[in-house]
Amino acid sequence: MTSCHNAIRNPGFGMTISIINGGIECGPNASPEGRQEAENRINFYLDFCQRLGVSPGENLSC
């Protein structure tokens, strides 16, 4: 599990995915389906950022 200290040191959308769904979508034990869900989530995030005219920042994936 990701600690709050890691979240502060490594900000970004990828850290959000890691905190919420880390065991399912991130890391060596993630299933192919879980990895695809994370990729879909990142694509939705990028689309919303573009529509809102804001930068998505760095560290997008877990």
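All values derive from a computational prediction rather than experimental measurement.
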Practice item. Using side-chain hydrogen bond (donor to acceptor under 3.5 Å, both in side chains) as the criterion, list what pairs up with Gln36, not counting sequence neighbours. Key: Asn40

**Study point:** Derivation of the side-chain contact (heavy atoms from CB on, under 4.5 Å) call for Met15 and Asn59
**Key:** CA-CA 7 Å; Met15 184 56 68; Asn59 189 27; 4.2 Å; yes

Point to revise | Shared hydrophobic cluster for Leu60 and Phe48 (ILVMFWY, side-chain gaps under 4.5 Å) | key: no

**Study point:** Stepwise side-chain contact (heavy atoms from CB on, under 4.5 Å) test for Arg41 and Glu25
**Key:** CA-CA 10 Å; Arg41 194 177 331 285; Glu25 297 179 359; 2.5 Å; yes

Review point. When you measure from the side chain of Tyr45 to the backbone N and O of Phe13, does any donor-acceptor pair fall under 3.5 Å?
Key: no

Check your understanding: What are the two closest heavy atoms between Pro56 and Cys49, and how far apart are they?
Key -> CA-SG, 3.7 Å

Review point. Does any pair with a residue in residues 44-57 pass salt bridge (charged side-chain N to carboxylate O under 4.0 Å, His left out), and if so which ones, sequence neighbours excluded?
Key: Asp47-Arg51

Check your understanding: Is any side-chain heavy atom of Cys26 less than 4.5 Å from a side-chain heavy atom of Asn21?
Key -> no

**Study point:** Close side-chain approach of Ser61 to Ile42, heavy-atom, < 4.5 Å
**Key:** yes

Point to revise | side-chain contact (heavy atoms from CB on, under 4.5 Å) involving Ile24 - partner list, sequence neighbours excluded | key: none

